[in-house]
S.K.: 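Here you go, one structure.
Worth knowing before you read on, the calculation uses all heavy atoms, side chains too, and leaves out hydrogens, waters and symmetry mates. Chain letters run A, B, ... following the sequence lines, proteins first, then strands; residues in each count from 1.
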4 protein chains.
Amino acid sequence: MCGVFGIHGHDEAANIAYLGMHSLQHRGQESAGLVAADEKDGKLRRHVAMGLVSDAFNRDVLAKLPGRTAIGHIRYSTAGTSELRNAQPFVFEYAGGSLAIAHNGNLVNANELRAELEAQGSIFQTSSDTEVIVHLMAKAKEPDVIGKLNAALRRVRGAYSLILLTNNEQMIGVRDPNGFRPLVIGRLKDAFVLSSETCSFDLIEAEFIREVDPGEIVMIEKGGMTSHRIMAPVEAPTFCVFEHVYFARPDTFVNGKSVYRNREKMGIAMAKEAPVEGDVVIPVPDSGVPAAIGYSKESGIPFELGLIRSHYVGRTFIEPQQSIRHFGVRLKLNPVATILRGKRVIVLDDSIVRGTTSRKIVKMVRDAGAREVHMRISSPPTQWPCYYGIDTPTRRELIASSHTVDEIARYITADSLAYLSLDAMIRAVRGPLAPAAKGESPGYCHACFSGDYPIAFAPPANGKRQMRLVGV
Amino acid sequence: MCGVFGIHGHDEAANIAYLGMHSLQHRGQESAGLVAADEKDGKLRRHVAMGLVSDAFNRDVLAKLPGRTAIGHIRYSTAGTSELRNAQPFVFEYAGGSLAIAHNGNLVNANELRAELEAQGSIFQTSSDTEVIVHLMAKAKEPDVIGKLNAALRRVRGAYSLILLTNNEQMIGVRDPNGFRPLVIGRLKDAFVLSSETCSFDLIEAEFIREVDPGEIVMIEKGGMTSHRIMAPVEAPTFCVFEHVYFARPDTFVNGKSVYRNREKMGIAMAKEAPVEGDVVIPVPDSGVPAAIGYSKESGIPFELGLIRSHYVGRTFIEPQQSIRHFGVRLKLNPVATILRGKRVIVLDDSIVRGTTSRKIVKMVRDAGAREVHMRISSPPTQWPCYYGIDTPTRRELIASSHTVDEIARYITADSLAYLSLDAMIRAVRGPLAPAAKGESPGYCHACFSGDYPIAFAPPANGKRQMRLVGV
Amino acid sequence: MCGVFGIHGHDEAANIAYLGMHSLQHRGQESAGLVAADEKDGKLRRHVAMGLVSDAFNRDVLAKLPGRTAIGHIRYSTAGTSELRNAQPFVFEYAGGSLAIAHNGNLVNANELRAELEAQGSIFQTSSDTEVIVHLMAKAKEPDVIGKLNAALRRVRGAYSLILLTNNEQMIGVRDPNGFRPLVIGRLKDAFVLSSETCSFDLIEAEFIREVDPGEIVMIEKGGMTSHRIMAPVEAPTFCVFEHVYFARPDTFVNGKSVYRNREKMGIAMAKEAPVEGDVVIPVPDSGVPAAIGYSKESGIPFELGLIRSHYVGRTFIEPQQSIRHFGVRLKLNPVATILRGKRVIVLDDSIVRGTTSRKIVKMVRDAGAREVHMRISSPPTQWPCYYGIDTPTRRELIASSHTVDEIARYITADSLAYLSLDAMIRAVRGPLAPAAKGESPGYCHACFSGDYPIAFAPPANGKRQMRLVGV
Amino acid sequence: MCGVFGIHGHDEAANIAYLGMHSLQHRGQESAGLVAADEKDGKLRRHVAMGLVSDAFNRDVLAKLPGRTAIGHIRYSTAGTSELRNAQPFVFEYAGGSLAIAHNGNLVNANELRAELEAQGSIFQTSSDTEVIVHLMAKAKEPDVIGKLNAALRRVRGAYSLILLTNNEQMIGVRDPNGFRPLVIGRLKDAFVLSSETCSFDLIEAEFIREVDPGEIVMIEKGGMTSHRIMAPVEAPTFCVFEHVYFARPDTFVNGKSVYRNREKMGIAMAKEAPVEGDVVIPVPDSGVPAAIGYSKESGIPFELGLIRSHYVGRTFIEPQQSIRHFGVRLKLNPVATILRGKRVIVLDDSIVRGTTSRKIVKMVRDAGAREVHMRISSPPTQWPCYYGIDTPTRRELIASSHTVDEIARYITADSLAYLSLDAMIRAVRGPLAPAAKGESPGYCHACFSGDYPIAFAPPANGKRQMRLVGV
């Protein structure tokens, strides 16, 4: 998971991009990068660093990134490939000049394209699928950048919300035909802004204009914006439902829907689908808060903030040798005993991945005095890995892919466990007024819950991933 | 405001102290320091650094702090005196050996004692009042450390929760006769633990034993603890009520009362004292959450998380020259438009200091579409500076010391504003069963609201501070 | 100018490479980089950083570079293109696997090859000419790495001493047919070592075996070494004479000749060609020391260390606004007044580039009390830029390209100035026994003095460089 | 060993002090510190850091040290007590205001004074003897700073060249009655400058005025300088002869004598006292160079730079596990085989401490091919520890305190070894014209060679040091 941001035509482009990246920090904490196009010398200047935006940039660094157009990228921490060379935006030089690219998503045919390109003599510098796009652009015979981009996108399949920047201060936004990942357009006075989420616009006081449509290329240059279609088959939009469940910030709107309100609706639906007697409803903060409020409203059971989240959790806390039970969870969350003691506690969370964290939370809540602990998950069981940009583990590690709900309940030691049904979740996200007919907009990708993958995934040679392909 | 922590008799003393300091991080983010006593060579080793615990310490640093006893200190950021030389714990060498000291609180007669000591030839290395205590100890003729400490404490007046550490692995906890600041005792297997707050014990899985009593000295050595009285007039306890209102973590217990529950009670009382018609109750996170829940419960108006707090706010964010409205607040908080649009919004906060932040919040909520904005403050107007360890501004800067509630409401542009009454706040904190008779335990210091200062403050020569002394 | 080092088949390859790079630090202080091939997982791991080897690497970094084969690179500081992305060794992935490359030298047809490759769709990530070689290798149809390398080298012209490393732990050394830059082979027990200079072998206690011949490729794999010829026209060797004059360390041997002794011989020749009455001979340290000793021996005028060189000169010293005369030189060198006062001083230096430093030195020596200052340069006037890897300025900036020796003497305010003749310099380097017949081995490149460029240079489009092509 | 520097009355005081400290870098590399007095607010601001001046300071740090008067300190690396809290200058606050102090030297009665002060209730923050002086000043009843200083200096014994700075911009230079350590006065336009060595004046273009006399206090304030006597018994000056032998920079003058020339004279004397047949004379650079030149001149045996010193040796080089012979020495020095092969080599060094380095050098020279290696030391055997500020090891570690010259020669594996006699060394330093009568000025302290300590040293309680007291 990642975040992308761009601004075109602003006197303080790098500073604004830096704030925009900060507003997307929840989408990734591994690395942060920024490329600015200097109209004075036609150069792209780049700074990338591991870690948070606030650590990666300071006044001196920003001062060395002059120009009125800049794009930024936030990268999620994924085990194993965490290296500076994979930090985006990438900058390449090719026959067309210099080009920067920032990518949110994941290509499903990157491995085969890379093999093909290498066979033709291409050399690669990163392990990222994004580099494939630039190679395809460099090899394209089309004269202009939109033509080259289209030639490349014709070949790639998968999820991509892209922002590109040329050394001619052209900023380009692209969203794949399925529209898996969000990408929105805003205006800040005369400047154009692109971002993964609308919450960026709130911070910098930009005005939300509209989403980049699935399959659309927007070219922003010389103060104006033009729209183009990706020259590839139109797909039924399949926006990632997990953005609503967990990933996006609650104050963001996606597809015109409030993430906060959708989460609350999931909580309401949960209370209808899986009621349970209880004394108090508590969320696993922060993402579980709106669902817990919804559950409380529907059930009439009081909402309390029974778990306090620390604001100071860094990434490398040192654990004593004489180990502490639930250390990792405890550093991040602490139960409020007063709220829990002697109570039947309903805990709302957004999902269960491996089950280990949920198990620690249930135990911690019970240790704090809860009489009963009922876990309610505001989405269906996560059974399938995501191939479109969310860093889920393999099937083997997903507890729900090999265990029943009862088994999971026992594993996490909850008195009861219930997941929201797929239908109810989709209804909560789509809204009551939208017709539910298949293929109609807005459709959603729910492959992680259902295994219905909208686009086939070509497995790498080493076959590390497995998948069931349905209805593609 | 600061936090203190100590552990005696643990194989990983520095590591545990580091975690304890992390659990107190909300009490100060300016500097963090740790001193360990090595029983092998009788040496005190010290590491202090500006910033957060997680930045100040790493595995290498902790490895260089061997020993089974360690104390730590967290310092609050206060304008002007932010320097590494003021970072605690301090370590001094004197005739009695080496001594480390960590202090939460503020002495009211430090200036006159310092002048007296300097006249006798003492030299000072910090601008901290804490250094006075050590000078007085060094000059004391008593043979043992308890005697020296008592000789010093006889002279000082004010607020002090202290943890001291000698090079003989004696750990000493002290709380002033008024008991302004908290200090609690716990056990972790065979080890003794001291901390500003009980939430530290949850993290390290220590067991809460009891509070250090006002006027008590606890000496922990050779695996045992003995209790001593400060040789000074007994005072009626006057615990800082502001710890309940704002400072302590909600999952902490002070004087046996849950901070979370007390805040909720303040919200309930608020709803009774100052009801208003509204559509939604929202807190200013995080400290306002329990009060907002209480207000919602009592009023029946739905609770929502209408302001999202960022988890990634560093201390030195760079503002663009082309300034952004409410920049500082906006970096930290973002309104959820869905919740607020067209609504009559009741905002719960714990206090108003200068009024500038509240003004920005009200405007931000209204910009997000709120029809009406009603501000409810779960404490009385803050009119008087604190001389006992909380870093409040001078009277001139406290908006409530020179403006009526109506004037403040107009300034912050709220449709209505109400504060909780002093009586209701004290009742919420003390609980319904405790008799309210004056002077009875537990009494509270509420000087910042009432101007009733339990201990007189000697103003410094330059007369920068002013105060009204009442009934002492 | 740069330095390259490699070791194959040693348990502590990265540590040894780090020491080898340290021994080549005089060849470049801009950046340092190291790539290790891990035989356990077939991966190349890379660490590069700006600055000195000792700052760029520490124990933790070295520990993260496992494997029995490693190559390193030291890069010279050149104005303008000083960026981390240009720090070598580079690592690329292509159809043949992973490949690291470290390059000392400069290709003269890189611009035209790059344009040709970009037209075919190649993308570039650095502004380095070295990247061209890898692109050519990636496009080669030959099945093995030697074949691919030869296919690439057939196309490139210029100066290159290369060390390559594959993910199959093959270490490859290459020296261009002219042999402009040095490259030597050593053994450290069972391990093979490659380095720019023999002084590396002294530090790590390796044994010198032989030079890589001009036009030779040595492939080191599985503990053995095989020799191959570059499939390109054989050239008469034209080793860079400036390595002897200035660049190489005095304790290094090049072409079997001691650099120290050759510099001493230049000083002896200087004393014969340009004698002058004087009281003392002093060097500009450090490179001028052997020549000054030679001059002293031949002339009988006493040698003294009249200029002291500081050991602590960093790269970013802060100059006061109220400026200091000769600040830059003065930070580095200080005259010993006792030696100079009232004396006729003969100053030995290796070359004059712009003349500004020499002018400061002459003035400083005179300010210290010298009665006369006679400058003797142990090489001919530097009139032509180097296109083969030494970072000389353009002709316009080279004072000797537009001024006579008399004019230069006046500019630098010396009482007299003499350069060594080209013949005498070559004789000093080649030795008395070697026949001086033109074109015979060992021949030398002296283009910077004579303008006789052994290989034509293709100017870039922007035409920033100018050159006279002679006899190629 | 340390260096001190101060400047009074200059618009860029901190910048000039920073350069002055850089010029004294050879006197210590452990820590660097600077205190500036701001005349605008009467504050002393301090910055200290471990390491070199160039690393400890940058433009931002210097900008935060405003004021027209500043003092600096360079601290030598001594095992065990290397801590930031011991980095000077110290700043203290006492009844007289704020005071900064920088100290070169060592007090011999610091332990007893410290014990006395602690018994009176003083507290200490460092393990430095310097802190004693400030405590004594703070306790003095005299009204002005010169009076307080004199009161303190009446009590202390030992070696001290001090620079003090008050918050009233008074800069004070002090040199103990024996004048062990150097301290010189210069002028830079209207500003006064104090420094440990005259080489500082060369760098900043200040004019040398005179030395601070032994037993003199110079008070520089309001643009003028006044001279005062330390109110203590006048001593016969005993300037440290080791400053000439090793410590001072060769381009410095001490007591009006050139350090370079004195070292050269020692080499000449050496050639007379201990001639040996040889083919080449080489120095151990850098301190041995002038003595080797002198030896060469007197003996007629050619001087060569047979050992090359690396300019890039940091303090924490990582040694491979598979160890390298003479690793530490080899990193710093490399033999030039051409010079040494088959030769009878005479090696000039300034002193032998433990013998281990000399042994490595002899072996390295022999490994490089030398037929014979004759070691000549330009000072007598170092048999006694220094109590006056030079960081020599204890007697037990000094090889010459328990071994004869023959034994040492065998240990270091030299074919012959000779030391300069005490008389010859003193003659070289004092000059032929000065009468050698005992007690006459200038006298020298040569206790490290002779055991004749000018001032008695009071051993600490733990009795770690031993000494023979002679004729005091």
S.K.: Return the minimal non-hydrogen interatomic distance between B/D251 and A/P335, and the atom names on each side.
M.R.: CB-O, 3.8 Å
S.K.: Among B/L307, B/D286, B/L52, single out the residue with the greatest number of heavy-atom pairs under 4.5 Å to chain A.
M.R.: B/D286
S.K.: Looking at B/I293 and A/L305, what are the two nearest heavy atoms and their distance?
M.R.: CD1-N, 3.9 Å
S.K.: What's the shortest heavy-atom distance between A/R330 and B/D202, and which atoms?
M.R.: NH1-O, 2.9 Å
S.K.: Heavy atoms only: give me the nearest B/I308-A/P250 pair and the separation to one decimal.
M.R.: CD1-CG, 3.4 Å
S.K.: Any idea which of B/D11, B/N15, B/L203 has the most non-hydrogen atom pairs under 4.5 angstrom with chain A?
M.R.: B/L203
S.K.: Counting only non-hydrogen atoms closer than 4.5 Å, does A/H26 touch chain B with its backbone (N, CA, C, O), its side chain (CB onward), both, or neither?
M.R.: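 Interface part for A/H26: both.
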S.K.: Would you mind reporting whether B/R261 and A/I339 have side-chain heavy atoms less than 4.5 Å apart?
M.R.: yes
S.K.: Can you check whether A/L19 reaches B/F327 side chain to side chain, under 4.5 Å on heavy atoms?
M.R.: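 Yes - at least one pair of side-chain heavy atoms lies under 4.5 Å apart.
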S.K.: Sort A/E264 into side chain, backbone, both or neither according to what part of it lies under 4.5 angstrom from a heavy atom of chain B.
M.R.: side chain
S.K.: Quick check: do A/T338 and B/Y260 have side-chain heavy atoms less than 4.5 Å from each other?
M.R.: no
S.K.: Just wondering, do B/E304 and A/P290 contact through their side chains at under 4.5 Å, heavy atoms?
M.R.: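 Answer no - side chains too far apart.
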S.K.: Might you point out which heavy atoms bring A/F303 and B/K297 nearest each other, and give the distance in Å?
M.R.: O-CE, 4.4 Å
S.K.: Check whether any side-chain heavy atom of A/F253 lies under 4.5 Å from a side-chain heavy atom of B/V336, and answer yes or no.
M.R.: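 No, their side chains stay 4.5 Å or more apart.
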S.K.: For each of B/Q25, B/E205, B/R309, tally heavy-atom pairs with chain A at distances under 4.5 Å, and name the one with the top tally.
M.R.: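 When all of B/Q25, B/E205, B/R309 are compared, B/E205 has the most.
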